[in-house]
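Encoded as structure tokens, the structure appears first; notes follow it.
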Amino acid sequence: MIRLGLCCIFRDQPIRFRRTTAKYLASLSRRGQLGRLSEICLHNAQSLKKALAFCWENGIGCFRINSQILPLKTHPDAGYDMSDLPGGDEIIRLFKDCGSYAADHDIRTTFHPDQFIVLSSPDPGVVERSVADLGYQAGVAQWVGADVINIHAGGVYGDKPAALDRLASRIAQLPDRIKSRLTLENDDRSYTPSDLLPLCRRLGIPLVYDVHHHRCLKDELTITQATRLALETWNREPLFHISSPKEGWGKGDERKHHDRIDLGDFPDAWKGLSVTVEVEAKAKEHAVLALKSELQALS
């Protein structure tokens with residue numbers, strides 16, 4: 001069975017996740033900052049429950065949680081512990097309630113941290129901040145039962161083998177609550193499936209196969225071969241990504257995502273698999289539901 005995933009936000013549903021900025025918080029007293037952050041975190045926990053309910057009601061089996069669900073959690077100036085927030089215990093309780101709801105309704109939850117999470121960076125400061133942010137997301141993942149924290153390999157920095165060695169070394173040093181959920185994804189600029197598969201096998205880290213990225217940045221593997229090899233890296237339900245180019249193949253920047261998924265872009269090799277496929281499309285819930293309907297019509 002294919003489980004389709006909705007990514008982070010909605011286009012038209014009245015379900016919203018709030019954020020704030022460090023610049024705005026700097027204008028407040030520390031007490032004022034914590035009060036505002038508490039309001040936002042509480043709102044986001046409530047919105048997550050609504051998002052999961054929407055998924056259940058519409059037959060969507062996975063929801064990717066926004067990496068800023070607790071905004072600025074590890075920021076050097078505005079960061080906080082949950083115990084610092086007014087009502088912090090209640091916020092945690094609400095997130096755990098989301099986890100119980102997701103488990104009871106068989107809705108998978110995942111995280112896909114922002115692009116500034118770069119474990120392969122030669123800059124120790126970047127790595128330190130990346131690990132701190134992964135730690136925060138692993139904490140929320142424990143509350144909600146998320147089994148994936150998916151990252152990209154990062155930059156090449158003029159020496160791809162050295163960058164991959166740094167990545168491997170830093171992954172090996174991560175605490176288990178992060179490493180047990182960590183996955184790597186091939187990207188559309190630097191790292192193909194064949195670049196990442198050896199590292200994934202060596203470290204026991206699953207590969208999230210993004211077929212759009214693979215079509216943009218090809219290697220010697222076919223889609224069928226990459227699918228099979230990616231599946232072999234998983235010790236739980238595999239997770240893949242799909243999107244379609246905004247202007248079509250061979251036109252404009254093929255990396256840009258379309259509002260919807262062209263059914264012709266859904267690999268034949270995926271049909272009939274028991275996998276989660278996160279739908280990375282601008283129309284969000286509309287794109288997921290349209291693809292769901294089209295796939296059902298084929299079966």
Please determine whether side chain to side chain contact (heavy atoms under 4.5 Å, CB included) holds for the pair L85 and L42, giving the CA-CA distance in whole Å, both sets of side-chain angles, and the decisive distance to 0.1 Å. CA-CA 10 Å; L85 300 182; L42 179 64; over 6 Å; no

Could you give me the CA-CA distance, side-chain angles and deciding distance for Q137 and H112, then say whether side chain to side chain contact (heavy atoms under 4.5 Å, CB included) is met? CA-CA 9 Å; Q137 292 181 51; H112 191 2; over 6 Å; no

Does the pair L70 and L37 meet the rule for a side chain to side chain contact (heavy atoms under 4.5 Å, CB included), with working shown? CA-CA 8 Å; L70 301 182; L37 287 164; over 6 Å; no

Checking side chain to side chain contact (heavy atoms under 4.5 Å, CB included) for the pair L6/V279: CA distance, chi angles, key distance, verdict? CA-CA 6 Å; L6 173 60; V279 177; over 6 Å; no

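The two residues T183 and I205 come nearest to each other via the heavy atoms CA-CG2, 3.8 Å. Taking each heavy atom of T20 and P71 in turn, the nearest pair found is N-CB, 4.3 Å. Contact record, P113 with I149: CG-CG2, 3.6 Å, taken as the closest heavy-atom pair. The two residues A51 and F17 come nearest to each other via the heavy atoms CB-CZ, 4.2 Å. Taking all atoms of both residues into account, the shortest heavy-atom contact from R170 to S120 is NH1-C, 3.6 Å. Across all their heavy atoms, V144 and T109 have their closest contact at O-OG1, 3.7 Å.
Using a 4.5 Å heavy-atom cutoff, the side chains of K73 and V140 are not in contact. The closest side-chain heavy-atom distance from L217 to N186 is not below 4.5 Å. Put simply, the side chain of N150 does not reach to within 4.5 Å of the side chain of T110, judged on heavy atoms. You'll find the side chain of L52 stays beyond 4.5 Å of the side chain of H105, heavy atoms only. Between I40 and R19, every side-chain heavy-atom pair lies at or beyond the 4.5 Å cut-off. Residues C41 and Y80 meet the side-chain proximity criterion, which asks for heavy atoms closer than 4.5 Å. At least one side-chain heavy atom of Q68 sits less than 4.5 Å from a side-chain heavy atom of D114. At a threshold of 4.5 Å between non-hydrogen side-chain atoms, the residues L229 and R201 count as touching.
In this structure, OG on S67 lies 12.5 Å from CD1 on I151, to the nearest 0.5 angstrom. Atom OG of S47 sits about 12.0 Å away from atom CD1 of I65, to the nearest 0.5 Å. Separation of atoms NE2 (H241) and OG1 (T276) is listed at 9.5 Å; rounding is to 0.5 Å. Rounding to the nearest 0.5 angstrom, the gap separating the CG atom in D89 from the CG atom in L94 is 11.0 Å. Taken from CG in L203 to CG in L196, the straight-line distance is 11.0 Å, to the nearest 0.5 Å. Here the straight-line distance linking atom CD of Q142 with atom OG of S180 works out to 8.0 Å at 0.5 Å rounding.
Under the side-chain contact (heavy atoms from CB on, under 4.5 Å) rule, H213 has a single partner from R255, R189, E185, K218, which is E185.
Checked against the 6.0 Å centroid threshold, H214 and Y209 count as a close aromatic pair.
At a cut-off of 3.5 Å, with distance as the only test, no side-chain donor of R228 or Q225 sits close to an acceptor on the other residue. Side-chain atoms of S244 and D262 include no donor-acceptor pair closer than 3.5 Å. Between the side chains of T192 and S194, at least one donor N or O lies within less than 3.5 Å of an accepting N or O. Between Y157 and R166, the side chains place no donor N or O within less than 3.5 Å of an acceptor N or O (distance only, hydrogens not considered).
In this structure a side-chain-to-backbone donor-acceptor pair under 3.5 Å is missing from Y191 to L184. For S293 (side chain) and A290 (main-chain N/O), no donor-acceptor pair under 3.5 Å exists by modelled atom type. Without hydrogens or angle criteria, R181 side chain to A146 main chain gives a donor-acceptor distance under 3.5 Å. Put simply, the side chain of N44 gets close to the backbone of R18: a donor and an acceptor are under 3.5 Å apart. With hydrogens and angles disregarded, no donor-acceptor distance shorter than 3.5 Å links the side chain of D81 to the backbone of S83. For the pair R215 (side chain) and D265 (backbone), a donor-acceptor distance under 3.5 Å is present. The main-chain N or O of V126 is found under 3.5 Å from a side-chain atom of S130 such that the two form a donor-acceptor pair. At distances below 3.5 Å, not a single donor-acceptor pair connects side-chain atoms of E285 with backbone N or O atoms of F10.
The stretch residues 49-63 participates, sequence neighbours left out, in these side chain to side chain donor-acceptor pair (under 3.5 Å) pairs: K49-D97. Applying the side chain to side chain donor-acceptor pair (under 3.5 Å) rule to pairs touching residues 6-17 yields D12-H286, sequence neighbours excluded. Within the structure, the salt bridge (charged side-chain N to carboxylate O under 4.0 Å, His left out) test picks out the following pairs touching residues 151-163 (sequence neighbours left out): K160-D195. Screening residues 289-299 for salt bridge (charged side-chain N to carboxylate O under 4.0 Å, His left out), with sequence neighbours left out, gives no hits. Screening residues 128-155 for salt bridge (charged side-chain N to carboxylate O under 4.0 Å, His left out), with sequence neighbours left out, gives R108-D147, D147-R236. Residue pairs that meet the salt bridge (charged side-chain N to carboxylate O under 4.0 Å, His left out) test with at least one member in residues 63-72, sequence neighbours left out, are R64-E278, R64-E280. The stretch residues 244-285 participates, sequence neighbours left out, in these ring-ring contact (aromatic ring centres under 6.0 Å, His included) pairs: H212-W249, H212-H257, F240-W270, F266-W270.
Annotation: K282, atom NZ; neighbour count of heavy atoms from other residues, nucleotides and ligands within 6.0 Å does not exceed 12.
Other residues sharing a hydrophobic cluster with M1 under the 4.5 Å side-chain heavy-atom criterion for ILVMFWY residues do not exist; the residue is a singleton. The hydrophobic cluster around L239 extends to V148, V208, W234, counting ILVMFWY residues whose side-chain heavy atoms fall within less than 4.5 Å of a member.
Every residue two or more places apart in sequence or in another chain was checked for a side-chain hydrogen bond (donor to acceptor under 3.5 Å, both in side chains) with E247, and none qualifies. Checked against side-chain contact (heavy atoms from CB on, under 4.5 Å), K96 has the following partners two or more places apart in sequence or in another chain: I92, W143. Under the side-chain contact (heavy atoms from CB on, under 4.5 Å) criterion, P175 pairs with I178, not counting sequence neighbours.
Criterion: ILVMFWY side-chain heavy atoms under 4.5 Å apart, direct or through other members. Under it, L134 and V118 are not part of a common hydrophobic cluster. I107 and I9 sit in two unconnected hydrophobic clusters of ILVMFWY residues. Membership requires side-chain heavy atoms under 4.5 Å apart, directly or through other members.
For K179 and D176, the salt-bridge test fails: no basic side-chain N is under 4.0 Å from an acidic carboxylate O.
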